[in-house]
There are 2 protein chains.
Amino acid sequence: MDQIRIVIADDHPLYREGVARTLSEDAGLLVVGQAQDAPGAVELTERMTPDLLLLDISMPGGGGLQALRQVMALPNPPKVAMLTASEEDDEVMQALKAGALGYVLKGVGSRELVGIVKDLARGQSYVSPSLAGRLLAAMRGGQKAKAANPLEDLSKREEEILRLVAEGKSNKEVGLALDLQEKTVKHYMTSILQKLHLRNRVEAAVFAREHLR
Amino acid sequence: MDQIRIVIADDHPLYREGVARTLSEDAGLLVVGQAQDAPGAVELTERMTPDLLLLDISMPGGGGLQALRQVMALPNPPKVAMLTASEEDDEVMQALKAGALGYVLKGVGSRELVGIVKDLARGQSYVSPSLAGRLLAAMRGGQKAKAANPLEDLSKREEEILRLVAEGKSNKEVGLALDLQEKTVKHYMTSILQKLHLRNRVEAAVFAREHLR
DNA sequence: GCTGCCTTCGGACTTTAGCCCGTTTTCCGG
DNA sequence: CCGGAAAACGGGCTAAAGTCCGAAGGCAGC
């Protein structure tokens with residue numbers, strides 16, 4: 001049986017090193033390339049046509065999610081696993097929706113990683129346990145799988161107002177900034193809170209900080 | 001000349017591995033221990049009395065900053081460098097104020113790290129360039145060096161309340177959660193806003209999200 | 001041409017938030 | 001022992017936030 005050909009993309013040289021060496025120690029695995037940014041990852045994947053791409057989410061040059069989408073658009077896309085420190089449900093969702101086979105937190109042990117990589121290469125998906133639980137919960141709560149971003153429900157104006165609220169502005173100040181009546185801003189707030197299933201402007205501000213921009 | 005004895009603390013096994021191997025390849029350096037959490041780092045440092053401690057900031061069991069303070073309180077504290085992905089000015093400040101000699105971002109290259117480690121062992125401080133600039137700016141802006149955190153002004157209770165506010169809770173809900181009168185919570189809010197120079201609870205929530213963990 | 005959604009506003013509310021006056025208890029340092 | 005800060009509470013008040021009515025023009029799709 002052939003070796004599993006792997007490309008690693010991570011902007012931290014030392015972490016990349018750790019992963020590469022750990023995987024290389026297993027006879028069944030072969031690291032055929034390393035990239036340090038999103039464009040590099042796409043380019044390398046295209047050139048090396050690996051079986052598996054380990055992709056960090058937080059990378060310069062567009063971020064791992066964008067790289068994921070580009071890689072999946074290639075003629076013979078490899079299996080892709082996101083390897084990341086982030087636990088944002090949102091990003092997990094987006095990554096899996098975009099075609100990632102696995103989502104592995106950077107805290108994994110070396111021994112574990114080798115096992116996971118082999119599973120992934122066989123087409124077996126993998127999501128780190130601590131995430132898996134919350135993922136399932138999110139799906140149960142959100143019915144089918146649309147939980148990605150309720151932000152899309154917001155109109156242009158609503159989003160604009162939400163941004164200002166997230167900066168700590170009062171309704172009156174938002175009105176002043178956008179040349180609207182305070183009353184109108186209040187109406188928008190009500191609608192924003194309803195659409196995002198939030199209870200008050202503090203929750204809205206926090207939500208905006210974490211999901212907007 | 002003796003080798004430089006180093007302890008590495010990081011909760012990511014793979015990253016730890018990468019650092020350890022990179023450093024070990026240099027004849028002048030000797031990795032004498034690895035820890036994966038804050039208490040472990042303190043304990044290991046106490047037992048091994050290394051020359052240098054490389055400390056990750058985000059670690060289970062209290063976080064790297066706490067470990068830093070404990071380590072510095074030891075009879076013969078090693079030189080300590082924070083090794084982290086975080087770029088929070090706040091944390092850099094706190095770390096340096098607590099006695100860290102260096103603040104190295106995880107994005108460093110292997111070759112660089114070896115050089116930096118040797119500098120540190122000689123007592124030469126080091127702060128990653130991208131941070132150094134902003135640090136100086138912060139100091140110029142904040143006069144002397146007090147810019148660390150206005151959070152220290154908050155009493156225990158105030159901080160507790162701020163956390164709940166940052167979750168979107170109303171004064172009444174905070175009162176319910178902490179078994180206080182709504183009125184009391186309002187009083188605390190007034191005092192919190194005053195101390196942090198903020199105008200309303202939305203700003204407080206945003207502030208808390210960015211400066212409180 | 002009708003049906004929606006977006007944008008904008010007004011009236012009339014109720015509920016929260018925030019400030020300024022106080023008081024009491026406790027606890028800690030000089 | 002006294003001062004000061006923290007912790008908790010109360011009254012009274014103004015302003016801000018949020019909700020529920022309704023309404024009007026615009027622009028898109030069917």
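Order of the sequence lines fixes the chain letters, A, B, ..., with proteins taken first and strands second; residue numbering starts at 1 for each chain.
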Can you tell me how far [atom2] of [N] sits from [atom1] of [X], to the nearest Å?
{"X": "A:E159", "N": "C:dC5", "atom1": "CD", "atom2": "P", "result": "19 Å"}
{"X": "B:I161", "N": "D:dA6", "atom1": "CD1", "atom2": "P", "result": "13 Å"}
{"X": "A:L193", "N": "D:dC20", "atom1": "CG", "atom2": "P", "result": "11 Å"}
{"X": "A:R201", "N": "D:dA16", "atom1": "CZ", "atom2": "P", "result": "11 Å"}
{"X": "B:R199", "N": "D:dA15", "atom1": "CZ", "atom2": "C1'", "result": "14 Å"}
{"X": "A:E160", "N": "C:dC6", "atom1": "CD", "atom2": "P", "result": "15 Å"}
{"X": "A:I192", "N": "C:dC6", "atom1": "CD1", "atom2": "P", "result": "12 Å"}
{"X": "A:K156", "N": "D:dA28", "atom1": "NZ", "atom2": "P", "result": "11 Å"}

Nearest to side-chain heavy atoms of [X], which nucleotide of [options]:
{"X": "B:Q181", "options": "D:dG10, C:dA17, D:dG18", "answer": "D:dG10"}
{"X": "A:T184", "options": "D:dT19, C:dG18, C:dT8", "answer": "C:dT8"}
{"X": "B:R157", "options": "D:dG18, D:dG11, D:dA8", "answer": "D:dA8"}
{"X": "B:Y188", "options": "C:dT7, D:dA17, D:dA8", "answer": "D:dA8"}

Can you give me the closest heavy-atom contact between A:A208 and A:A166, atom names plus distance?
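A:A208 and A:A166 have their closest heavy atoms at CB-CB, 3.7 Å.
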
By nearest heavy atom, map B:N200 and B:K186 onto DNA chain D; which one lands nearer the 5' end?
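Final value for this comparison: B:K186.
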
Heavy-atom count around A:Q34 CD within 6.0 Å, excluding the residue itself: above 12?
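Enclosed.
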
The helix from C:dG1-D:dC30 to C:dG30-D:dC1: angle between its terminal axes, five pairs each, to 10°?
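Answer for the end axes of this duplex: 50°.
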
Is the distance from OP1 or OP2 of C:dG18 to the nearest side-chain N or O of B:T190 less than 4.0 Å?
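For B:T190, the contact criterion (side-chain N or O under 4.0 Å from OP1 or OP2 of C:dG18) is not met.
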
State whether A:S155 places a side-chain N or O below 4.0 Å from either non-bridging phosphate oxygen (OP1 or OP2) of C:dT7.
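So the side chain of A:S155 is within the cut-off, an N or O lying under 4.0 Å from OP1 or OP2 of C:dT7.
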
Side chain to side chain, [X] and [Y], heavy atoms closer than 4.5 Å:
{"X": "B:K169", "Y": "B:V165", "value": "no"}
{"X": "B:L23", "Y": "B:L113", "value": "yes"}
{"X": "A:V71", "Y": "A:E46", "value": "no"}

Would you please say whether a donor-acceptor pair under 3.5 Å links the side chains of A:E17 and B:T22?
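Side chains of A:E17 and B:T22: no pair found under 3.5 Å.
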
Tell me whether the side-chain N or O atoms of B:K183 pair up with the base of D:dG12 as donor and acceptor below 3.5 Å, since no angle test is needed here.
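Such a pair is found, so the answer is yes.
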
Heavy-atom donor-acceptor pair, B:H187 side-chain to C:dG22 base, under 3.5 Å
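Looking at the base of C:dG22, it does not pair with any donor or acceptor on the side chain of B:H187 (distance under 3.5 Å).
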
Has the side chain of B:T184 got a donor or acceptor atom that lies under 3.5 Å from a matching backbone atom of B:L180?
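Judged by distance alone, no pair lies under 3.5 Å.
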
Scan A:L14, A:L83, A:D10, A:I6 and name whichever one has a side chain to side chain contact (heavy atoms under 4.5 Å, CB included) with A:V19.
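Single pass found, and it is A:L83.
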
Near DNA chain D, counting only heavy atoms under 4.0 Å, which residues of residues 171-180 of chain B show up?
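B:L180 - these, ordered by number, are the residues of the stretch whose heavy atoms sit under 4.0 Å from the strand.
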
Is the B:H12 ring parallel, tilted or perpendicular to the A:Y15 ring (thresholds 30°, 60°)?
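Rings of B:H12 and A:Y15: perpendicular, as their planes differ by over 60°.
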
Salt bridge check, A:R16 against A:D56: does any charged N sit closer than 4.0 Å to a carboxylate O?
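Here A:D56 does not pair with A:R16 in a salt bridge, since their nearest N and O are not under 4.0 Å apart.
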
